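Quick caveat: nothing in here was measured; it's all calculated off a predicted structure. The residues of the chain are indexed from 1 along the displayed sequence.
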Amino acid sequence: MALKIQSLCLGYGRKQVLENLDVIFQKGITCLLGRNGAGKSSLLKAIFGLVNVQGEIFHNGKIIDRAFIRDEISYIPQSAQAVSNISVFDVVLLGDVFSLRFMVAEEIKEKAKSILSALGIRHLMHHPVSALSGGEKQIVFLAQALIKNPKVLLLDEPASSLDIYNQIKVMKMLRQLKDLIVIVAAHDLNLSLKFSDEIVLLDNCNVVYQGAPECFDNALIEKIYQVKSHSICENNVRGFLYTDIVDESHD
């Protein structure tokens with residue numbers, strides 16, 4: 001199972017964001033990295049059909065269409081939030097909105113309860129989602145995204161507003177989704193290296209690195225991010241310590 005992006009071009013006005021981009025996403029977690037403005041969020045939006053692009057997107061050799069996006073792709077934007085008093089349970093049910101009727105089928109209700117149990121938040125199902133912590137809300141949105149059994153899950157910085165505990169908790173939950181193509185736009189290199197199966201790094205409108213997390217190195221960080229770093233490894237967990245900016249005049 002693979003999602004293939006071929007010759008994809010995307011721009012906003014005169015600004016080109018992605019240009020002739022070719023990349024294949026396999027089953028498992030791919031962390032999409034790059035500096036601000038590199039096109040990470042735009043690529044997720046392109047896959048989900050939210051922006052107009054040139055190029056083609058395939059799933060298992062077939063061009064995806066609106067029906068595939070509706071039924072087989074779930075997307076959690078960076079700005080996902082809930083401020084109303086709607087319950088956690090109802091928020092999750094809305095993730096399968098195209099299957100809902102005036103009376104919600106018991107099968108869908110049980111499915112929602114099962115997902116909430118698997119994610120460890122079933123005890124919150126009757127709570128208003130607006131009253132939850134940031135970490136709890138993020139897990140609710142993940143449950144909402146999973147209820148329609150997607151083949152592709154797109155997440156835009158799902159851990160950016162979370163504390164360290166909840167960052168790790170959410171990423172560990174994503175690791176359990178063995179049969180999905182999970183694409184995570186992220187900024188935290190160390191979190192991405194720990195939990196991803198593959199890294200895709202964007203720069204200058206295209207992919208400049210795609211490969212295993214363990215092959216990501218200091219030279220690449222300095223070239224793309226313009227910061228100096230040192231590799232660290234403890235208990236077989238590898239990461240980077242950032243020490244300085246390469247060139248403070250760099251824009």
Side-chain angles (χ1 to χ4, degrees), residues 2-26 28-59 62-66 68-70 72-81 141 145 150-161 174 180-193 196-211 213 215-216 219-227 242 245-251:
L3 187 76
K4 180 179 180 181
I5 314 294
Q6 183 173 300
S7 303
L8 189 140
C9 297
L10 169 62
Y12 302 105
R14 295 183 179 181
K15 179 178 173 59
Q16 195 70 17
V17 178
L18 301 170
E19 187 169 6
N20 293 322
L21 184 142
D22 295 315
V23 62
I24 297 176
F25 296 101
Q26 304 285 353
I29 297 180
T30 298
C31 280
L32 196 59
L33 301 176
R35 297 187 66 176
N36 290 339
K40 303 182 297 297
S41 297
S42 293
L43 180 54
L44 298 187
K45 290 176 182 177
I47 295 170
F48 200 59
L50 296 178
V51 291
N52 294 324
V53 299
Q54 294 179 333
E56 295 175 312
I57 304 175
F58 302 86
H59 181 265
K62 297 181 180 179
I63 294 178
I64 68 171
D65 56 17
R66 288 291 177 184
F68 182 87
I69 292 172
R70 181 193 66 206
E72 308 293 354
I73 302 181
S74 286
Y75 168 61
I76 304 178
Q78 184 179 355
S79 57
Q81 56 183 323
F141 292 130
K151 291 183 171 67
V152 181
L153 179 60
L154 311 173
L155 302 103
D156 195 351
E157 298 193 41
S160 62
S161 62
L174 295 178
L180 276 67
I181 297 170
V182 181
I183 307 174
V184 181
H187 276 300
D188 191 319
L189 296 184
N190 291 327
L191 197 68
S192 299
L193 292 171
S196 65
D197 297 296
E198 189 167 57
I199 295 291
V200 169
L201 179 62
L202 298 178
D203 190 57
N204 290 327
C205 302
N206 217 308
V207 175
V208 293
Y209 174 84
Q210 180 171 12
C215 296
F216 207 80
L220 195 56
I221 291 175
E222 181 169 331
K223 178 182 178 181
I224 302 303
Y225 290 94
Q226 291 294 300
V227 296
Y242 317 119
I245 297 172
V246 172
D247 181 2
E248 292 192 20
S249 65
H250 180 84
D251 185 5

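- Tyr209 has its side chain out of reach of Asp203: every pair of non-hydrogen atoms, C-beta onward, lies at least 4.5 Å apart.
- Contact of the Leu202 side chain with the Val207 side chain is registered, since non-hydrogen atoms from C-beta on lie closer than 4.5 Å.
- The side-chain heavy atoms of Ser74 and Leu153, taken from C-beta on, include a pair separated by under 4.5 Å.
- A 4.5 Å side-chain heavy-atom check between Ser196 and Val184 finds every atom pair outside the cut-off.
- The closest side-chain heavy-atom distance from Val246 to Lys223 is not below 4.5 Å.
- Put simply, CZ on Phe25 and CD1 on Ile181 are 9.5 Å apart, with the number rounded to the nearest 0.5 Å.
- Across Ser7 and Asp22, no two heavy atoms sit closer than the pair N-OD1, 2.6 Å.
- Judged by distance alone, the side chain of Glu198 and the main-chain N or O of Gly28 form no donor-acceptor pair under 3.5 Å.
- Phe141 approaches Ile76 most closely through the heavy-atom pair O-CD1, 3.4 Å.
- Val152 is not listed as a side-chain neighbour of Phe48, based on a closest heavy-atom distance of 4.5 Å or more.
- A distance of 11.0 Å separates SG of Cys215 from CG of Leu193, quoted to the nearest 0.5 Å.
- The minimum heavy-atom distance linking Ser192 with Leu33 is given by the pair OG-CD2, 3.5 Å.
- Panel note: side chain Lys40, backbone Arg35; a donor-acceptor pair is recorded below 3.5 Å.
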Could you pull out all donor-acceptor pairs under 3.5 Å where a side-chain atom in residues 10-21 meets a protein atom, sequence neighbours excluded?
{"residue": "Tyr12", "atom": "OH", "partner": "Ser42", "partner atom": "OG", "Å": "2.9"}
{"residue": "Gln16", "atom": "NE2", "partner": "Leu18", "partner atom": "O", "Å": "3.0"}

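- Atom CD1 of Ile224 is separated from atom CG of Asn204 by 7.0 Å, given to the nearest 0.5 angstrom.
- Screening residues 43-57 for side-chain hydrogen bond (donor to acceptor under 3.5 Å, both in side chains) gives no qualifying pairs among residues at least two apart or on separate chains.
- Distance NZ/Lys151 to CD1/Ile64: 12.5 Å, rounded to 0.5 Å.
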Set out, in order, the CA-CA distance, both residues' side-chain angles and the distance that settles side-chain contact (heavy atoms from CB on, under 4.5 Å) for Ile47 and Ile5, then state yes or no.
CA-CA 9 Å; Ile47 295 170; Ile5 314 294; 4.0 Å; yes
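- Here the side chains of Leu174 and Leu155 are in contact, with some heavy-atom distance below 4.5 Å.
- Contact detail for Pro150 and Leu180: the closest heavy-atom pair is O-CG, 3.5 Å.
- By the 4.5 Å heavy-atom criterion applied to side chains, Ile183 and Val200 are not counted as neighbours.
- Expressed to the nearest 0.5 Å, how far CG of Leu43 lies from CD1 of Ile57 amounts to 7.5 Å.
- Legend: residues meeting side-chain hydrogen bond (donor to acceptor under 3.5 Å, both in side chains) with Lys4, ordered by chain and number and at least two apart, are Gln6.
- Considering CZ of Phe68 and CG of Leu3, their distance stands at 7.0 Å, rounded to 0.5 Å.
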